[in-house]
Colleague: 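Structure in structure tokens, see below.
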Amino acid sequence: MGLECRIAAVLGESHPRRRLAIRDAVALGVLGAIMLVLFAITGLYYSAYSRYRSKLGLPVDNTPVITLPAVRRHG
Amino acid sequence: MSTPAPDLTKPKFNQPLSREKRLFLILPIFIGVITGLLVVCFRISIEWLRFALLGTELHPHTWPLLIVPTAVGLVVALLVEFAFPAARGSGLNQTKAAMYIHDGYISMRTMFGKLICTALALGGGYSQGPEDPSLQIGAAIASTVSRRFRLSAENLRLFAPVGAAAGLAAAFNAPITALLFVIEEVVGNWNASVLGSIVLAAISGDAVSRWYFGDAPLFKVPTLELRDPREFVAYALLGIIGGLAAWLFASVLRQLRPRLAALPHWTRIIQPPLAGLCIGLIGFLGFPQVMGVGYETINQAIGGGLPWKLLLALAALKMLATTLGFSSGTPGGMFAPTLFIGAMLGTAIGTLQAIWLPHLTGPIGSYALAGMGVLFAAFLRAPLTSVFMVLEVSGNYSLVAPVILANTIAYLIARKLDPVPIFEAFTRQEGLHLPSMEEIREEERMHIEDALDESQASSSVISILPASAPLREAIAATADSPHEEGVIVVHFADGNGYAIGGEELQRLGASSDPETAVGSLLPAERLPLLYPDMPLDAALQYFGRWPAMLIRNRARSTAIEGVITEAEVLACFRAQVHH
């Protein structure tokens with residue numbers, strides 16, 4: 001997670017506090033991007049697992065039995 | 001002559017104090033969401049592996065029950081030995097060690113190792129749980145994120161429990177339980193400045209988990225009730241049996257774990273597969289319910305209908321299977337087995353009562369839930385969390401009184417039989433000396449009022465003179481002072497004070513008239529504001545400058561509660577140690 005950014009150095013030249021604030025903003029942006037990517041990966045994984053369950057003949061409303069005994073898909 | 005321009009490329013400034021405070025409000029949300037997503041993947045992986053390796057249903061006397069745990073054990077052992085050595089253990093102690101020893105540092109490698117190895121082990125039938133590893137996964141995420149923001153070492157340490165709460169909340173679908181557990185067992189301090197951040201992270205992690213899996217409670221609980229007040233006797237009995245069972249479980253773990261760890265290093269490759277073979281054998285011989293996490297069996301027990309002999313056998317065999325798996329070094333948590341054993345014991349007692357005293361017995365599910373709380377309180381030594389855990393995972397508040405009764409009895413019995421909690425024993429076996437959460441929780445903090453009592457009990461009390469008193473009277477008072485430096489305290493009309501020794505007073509008043517008001521001779525500096533309810537150690541820092549402290553009254557600023565000296569404060573601490 002390379003949060004060091006040249007943009008931060010350029011924009012923050014005028015004052016070290018400003019540079020710090022910009023670096024934080026860039027880091028938070030990167031963190032948000034990672035979060036979105038992770039959401040996408042988890043969603044894909046989840047749907048692949050649901051397909052696997054349906055192939056096994058298990059309920060596809062995600063009523064699993066091992067670590068998720070009582071969970072149901074919301075809605 | 002022009003002055004050189006300041007070098008802005010290498011700033012010499014302290015970062016604003018508000019920055020880290022702001023980050024403590026923002027980062028927990030990111031940490032909670034990312035942890036929640038990883039824990040969702042973790043839970044799905046466990047199930048997927050379980051279905052892929054052992055099938056949708058476990059049938060006794062089938063060979064996969066023997067082969068799969070053994071083979072998975074070998075793979076996990078190789079992974080732990082050669083790729084992820086820090087993934088060993090449950091995750092709780094590792095998180096505490098990170099917080100107290102390594103400045104909150106947990107590597108991403110450890111996190112991925114824990115995730116992969118635990119998912120494999122639990123999917124392959126090992127009798128442990130996903131909660132403690134989820135806690136460590138969250139702590140690792142928090143560690144990685146907070147390090148990237150270059151926070152101070154103290155705050156890096158504080159972020160570990162923030163992530164831990166998120167992981168536990170996502171795994172348990174119970175944010176309040178996660179919050180309480182982390183405060184009770186990881187931080188050990190209710191005054192922690194991170195409380196707000198822990199709440200934010202726990203809610204964020206739980207929200208992600210619920211977004212994927214829905215918001216139903218962890219266990220399918222029918223209507224619960226306390227049918228008759230005489231049922232309290234059965235709950236008390238459950239507390240006694242639960243306390244003894246927790247002590248037995250902890251004792252066996254405490255004995256076996258160091259013995260296996262003391263074996264030659266190469267045996268670490270064969271210990272997990274052998275443990276897996278034994279666990280598989282238990283399933284093969286007719287008790288496959290003990291394999292895996294076991295929540296489905298807990299739900300069956302809550303629903304009622306399982307015979308009491310089977311329930312007791314399952315409780316005993318789960319203890320054995322978990323002890324073997326955990327002691328062999330296979331990654332996996334202790335929460336789920338604890339809940340499993342408690343639910344089986346509780347249901348067994350409820351079933352027996354229903355046989356003997358059917359008119360006094362409420363729903364069996366009530367006993368199962370109370371049993372879970374009992375083991376949680378007695379084994380994990382988290383009495384407060386255990387009560388809220390039962391309420392939260394069941395979504396039902398009608399059992400508060402019997403649960404509190406049973407949990408308290410179990411906790412006291414387990415503590416009496418073994419004063420050292422199991423996770424603390426594990427850390428000691430590993431040569432670490434982490435703070436005892438029980439001791440921190442129950443630590444009696446000394447306050448200034450304790451030193452005041454000490455001062456008022458002694459016959460030698462330092463004089464307090466009004467600022468208007470004449471200099472000669474003050475000099476006479478210093479001569480009579482019990483303090484070796486002849487200290488007195490001058491009290492001003494606005495409530496402030498000044499402590500002065502005989503020598504200093506002589507010097508200040510050398511050229512003054514003996515009738516001069518002593519207050520007019522003193523410098524403008526005043527004693528720090530101290531009140532009886534403040535921690536006693538807060539007073540210590542001032543004794544370098546002042547020989548005595550004036551203790552004020554919070555309600556009336558001009559009133560005086562007394563005077564304390566360094567000797568009295570130290571005597572107070574000494575008395576506490578000897579007590």
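In what follows, chains are A, B, ... by sequence order, proteins preceding strands, each numbered from 1. Just so you know, these numbers use all the heavy atoms, side chains as well, and skip hydrogens, waters and symmetry mates.
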Colleague: Report which part of B/Ile26 has an atom under 4.5 Å of a heavy atom belonging to chain A: side chain, backbone, both, or neither.
Modeller: side chain
Colleague: How far does CH2 of B/Trp48 sit from CZ of A/Arg53, to the nearest 0.5 angstrom?
Modeller: 11.5 Å
Colleague: Whether the side chain of A/Tyr46 engages the backbone of B/Tyr212 through a donor-acceptor N/O pair (distance < 3.5 Å, no angle test) should be reported.
Modeller: yes
Colleague: Show your working on side-chain contact (heavy atoms from CB on, under 4.5 Å) between B/Trp211 and A/Thr42 and close with a plain yes or no.
Modeller: CA-CA 12 Å; B/Trp211 195 74; A/Thr42 309; over 6 Å; no
Colleague: Under 4.5 Å, heavy atom to heavy atom, which residues of residues 28-38 of chain B contact chain A?
Modeller: B/Phe30, B/Val33, B/Ile34, B/Leu37, B/Leu38
Colleague: Side chain, backbone, both or neither: which part of B/Ala52 has an atom under 4.5 Å from a heavy atom of chain A?
Modeller: both
Colleague: Counting only heavy atoms not in B/Phe112, do more than 12 sit closer than 6.0 Å to its CZ atom?
Modeller: no
Colleague: Is chain B contacted by the side chain of A/Tyr52, its backbone, both, or neither, given a heavy-atom distance below 4.5 Å?
Modeller: side chain
Colleague: To the nearest 0.5 Å, how far apart are CG in B/Leu23 and CG in A/Leu28?
Modeller: 7.0 Å
